[in-house]
Protein chains: 2
Amino acid sequence: MTKYQNQLTETFSALADPTRRAIVSRLCEGPASIGELSEPFKIALPTLLKHVQILEKSGLVSTQKTGRVRTCRIETGALKAGDDWLRQHLALWEDRLDRMEHHINTMKKEH
Amino acid sequence: MTKYQNQLTETFSALADPTRRAIVSRLCEGPASIGELSEPFKIALPTLLKHVQILEKSGLVSTQKTGRVRTCRIETGALKAGDDWLRQHLALWEDRLDRMEHHINTMKKEH
DNA sequence: TTGATACTTAGTCATGTGACGAAGTATTGA
DNA sequence: TCAATACTTCGTCACATGACTAAGTATCAA
């Protein structure tokens, strides 16, 4: 598996979990600490931390520790990579449908 | 978890596996049977079938059996839903950056 | 300096996932 | 009819995932 494939796998895996998507949504409103992130969820801190680490590994989120507080923020690179993959595939399929339609119209005219 | 959340979870989970992404890529070139799909991969038929079933459940792919052959094709709905989520979040974050930049510029002028 | 705060690590557990081979079913072609 | 084809189901297995509690460590405030 190429690095690009690996990156996509990590991005989509990270986004496959509803808690992690909620974290991403929250971070789109602005940076937050681990404690702030954990508040809206009914999960233990170590569990939340693990989610943040997965998001960080996938490149969706970056973090920085200052004193005893770790601040998390969104990174758009991985979001864009996922979006690019989806759009490319949508475009591929739609091109195919267009070509098919064109082909059918050509056939009709020939009658 | 709402139905929409569930749908997103299934879509992103489905896309998290490289074999399944390869199946989606292949099907963007046009419909294919289970046998045709399995050829490029070094995996057993039951494994491939399971992947196709996961893709079908997520709504990314639809299948139809005629005689003894099952034909698989892309469905764009789930692809679009995933793309929408990503684009919405990219937009959210970029709006925030714009507002921040505007704020900084306003502060500068006030000096 | 010392107690509170904010994570962090370690260890455990139930469940889910992706893989396989073997054996089954339903169609098709000769 | 009957062998070949194209899945499909079944049972199993190793490993990954997401959750927890308990017990750390590092920083800050009084």
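The figures here come from the full heavy-atom set of this structure, side chains too, leaving out hydrogens, waters and symmetry mates. Chain letters run A, B, ... following the sequence lines, proteins first, then strands; residues in each count from 1.
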Give every donor-acceptor pair under 3.5 Å between a side-chain atom in residues 27-42 of chain B and any protein atom, sequence neighbours left out.
residue, atom, partner, partner atom, Å
B:S33, OG, B:E36, N, 3.1
B:E36, OE1, B:S33, N, 3.0
B:S38, OG, B:G35, O, 2.9

Span of DNA chain D, from the first to the last nucleotide whose atoms fall under 4.0 Å of chain B heavy atoms: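 Boundary nucleotides touching chain B, in 5' to 3' order, are D:dA4 to D:dT9.
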Separation between CG of B:L79 and CD of A:Q88, rounded to the nearest 0.5 Å: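 So the gap between those two atoms works out to 12.0 Å.
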Interatomic distance, B:D17 atom CG to B:H51 atom NE2 [nearest 0.5 angstrom]: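 If we round to the nearest 0.5 Å, B:D17:CG and B:H51:NE2 are 4.5 Å apart.
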Going by atom types only, do [X] and [Y] share a side-chain donor-acceptor pair under 3.5 Å?
X	Y	value
B:S62	B:R73	no
B:Q64	B:T71	no
A:R21	B:T9	yes

C:dG18 phosphate, OP1 or OP2, under 4.0 Å from B:T47 side-chain N/O: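 For B:T47, the contact criterion (side-chain N or O under 4.0 Å from OP1 or OP2 of C:dG18) is not met.
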Phosphate OP1/OP2 of C:dA6 contacted by A:S33 side-chain N/O (<4.0 Å):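 Looking at the OP1 and OP2 atoms of C:dA6, neither is under 4.0 Å from any side-chain N or O of A:S33.
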Any residue of residues 55-65 of chain A with a heavy atom less than 4.0 Å from an atom of DNA chain C: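 Per residue number, the list reads A:K65.
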5′-ward residue of the pair B:R70/A:R20 relative to DNA chain D: B:R70
Sequence-distant partners of A:H89, ring pair (Phe, Tyr, Trp, His ring centres under 6.0 Å), two or more places apart: A:W85
Quick one: [X] [atom1] to [N] [atom2], roughly how many Å, whole number?
X	N	atom1	atom2	result
A:E36	C:dA6	CD	C1'	12 Å
A:L48	C:dA6	CG	P	14 Å
B:I54	C:dA19	CD1	C1'	12 Å

Need one value for [X]: base, sugar-phosphate or nothing, where a base atom within 4.0 Å counts as base even if backbone is also close, heavy atoms only.
X	answer
B:L49	base
B:A44	sugar-phosphate
A:L45	base

Salt-bridge present (A:D83, A:R87; N to O < 4.0 Å): yes
By salt bridge (charged side-chain N to carboxylate O under 4.0 Å, His left out) - contacts of A:K57 (at least two apart):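 Salt bridge (charged side-chain N to carboxylate O under 4.0 Å, His left out) list for A:K57, sorted by chain: A:E10.
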5' precedence on DNA chain C between A:V69 and B:K42 (nearest-nucleotide basis):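 Going by which nucleotide is closer to the 5' end, it is A:V69.
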Within-4.5 Å side-chain heavy-atom neighbours: A:I74 and A:L60: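 No - every pair of side-chain heavy atoms lies 4.5 Å or more apart.
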Sidechain-backbone polar pair: B:T47 side chain, B:I43 backbone, donor-acceptor under 3.5 Å: no
Atom pairs under 3.5 Å: protein N/O with N/O of nucleotides 10-14 of chain C:
none

